[in-house]
Visitor: 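There's a structure below that I have some questions on.
In this chain, numbering begins with 1 at the start of the sequence shown. Reckoned from all heavy atoms, side chains included, excluding hydrogens, waters and symmetry mates.
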Amino acid sequence: PDLRPPSDLLSDLLTPPDLMPLPPPQLRDLYGERDNLWVVGDRGFTARWQGVAWTRVPTPTTNDLLRVWSQGANLAWAIGARGTILRWDGAAWTSVPGSGGASLCCVAGTGPNDAWIAYKNSKPLSANEHAVTFLHWDGAQWIPYVTRFVTNRGGGATLFNIVNIG
């Protein structure tokens, strides 16, 4: 086996001949456990580390993927620009509708019937009031929940992450 660090092995994947003459994709997120890591990036790029080497995994999108969350070898969600939602089932990525085209910012979950995605609505409700939409995956569909929040100053607010606690 190749004993170089995982970061060196990943850089080999970023410039394979089939991507030329496109520049290497910018990597956006990394998530997983020691022997089951996912990385996502521009133009639908995903790669997986299973303890030995990085493997590029094709997706059904060319949209930029911004975040990834996984649990075990057979469950992962990747989200991104233009409302892209992808689900990994252990064999392939598939597109899952449900975001209405919004650019998604956050993903987390606890299992195959409990995942959450969030995005800030593009138009503020007022100068200090904004809305965030959370999408909950119940194993069959995404269910939307809209939450309002108020900022103390004018301008915007940025949602960076959602975290499962408990």
Visitor: Taking the side chain as every heavy atom from C-beta outward, state whether Leu27 and Val39 have any pair of such atoms under 4.5 Å apart.
Guide: yes
Visitor: Is the distance between the ring centroids of Trp116 and Tyr145 less than 6.0 Å?
Guide: yes
Visitor: Can you tell which of Ile79, Leu66, Val68 makes a side chain to side chain contact (heavy atoms under 4.5 Å, CB included) with Asp29?
Guide: Val68
Visitor: Quick one: do Arg43 and Asp64 make a salt bridge, cutoff under 4.0 Å?
Guide: no
Visitor: For Trp69 and Trp137, what are the C-alpha separation, side-chain angles and deciding distance, and is it a ring-ring contact (aromatic ring centres under 6.0 Å, His included)?
Guide: CA-CA 13 Å; Trp69 174 83; Trp137 179 257; over 10 Å; no
Visitor: For residues Asp35 and Gly51, report the shortest heavy-atom separation together with the two atoms involved.
Guide: OD1-CA, 3.3 Å
Visitor: I'd like to check Leu135 versus Ile143 (side-chain heavy atoms, cut-off strictly below 4.5 Å). Are they in contact?
Guide: no
Visitor: Strictly by modelled atom types, are Thr46 and Trp38 linked by a side-chain donor-acceptor pair under 3.5 Å?
Guide: no
Visitor: Is there side-chain contact between Thr61 and Trp93, with at least one heavy-atom pair below 4.5 Å?
Guide: no
Visitor: Within a strict 4.5 Å, meaning less than it, do heavy atoms of the Thr59 and Phe45 side chains meet?
Guide: no
Visitor: Does a side-chain heavy-atom distance below 4.5 Å link Leu86 with Ser95?
Guide: yes
Visitor: Please say which of Arg48, Gln50, Gln71 ends up in a side-chain hydrogen bond (donor to acceptor under 3.5 Å, both in side chains) with Asn36.
Guide: Arg48
Visitor: Stepwise, does the side-chain contact (heavy atoms from CB on, under 4.5 Å) test hold for Asp42 with Arg28?
Guide: CA-CA 7 Å; Asp42 291 354; Arg28 302 289 183 162; 2.8 Å; yes
Visitor: Would a 4.5 Å heavy-atom cut-off, applied to side chains only, mark Tyr31 and Leu37 as touching?
Guide: no
Visitor: If you define the side chain from C-beta out and look only at heavy atoms, does anything of Ile117 sit under 4.5 Å from Trp142?
Guide: yes
Visitor: Minimum heavy-atom separation for Ala118 to Val132, with atom names?
Guide: CB-CG1, 4.4 Å
Visitor: Do Gln141 and Pro97 come close enough that some side-chain heavy atom pair is under 4.5 Å?
Guide: no
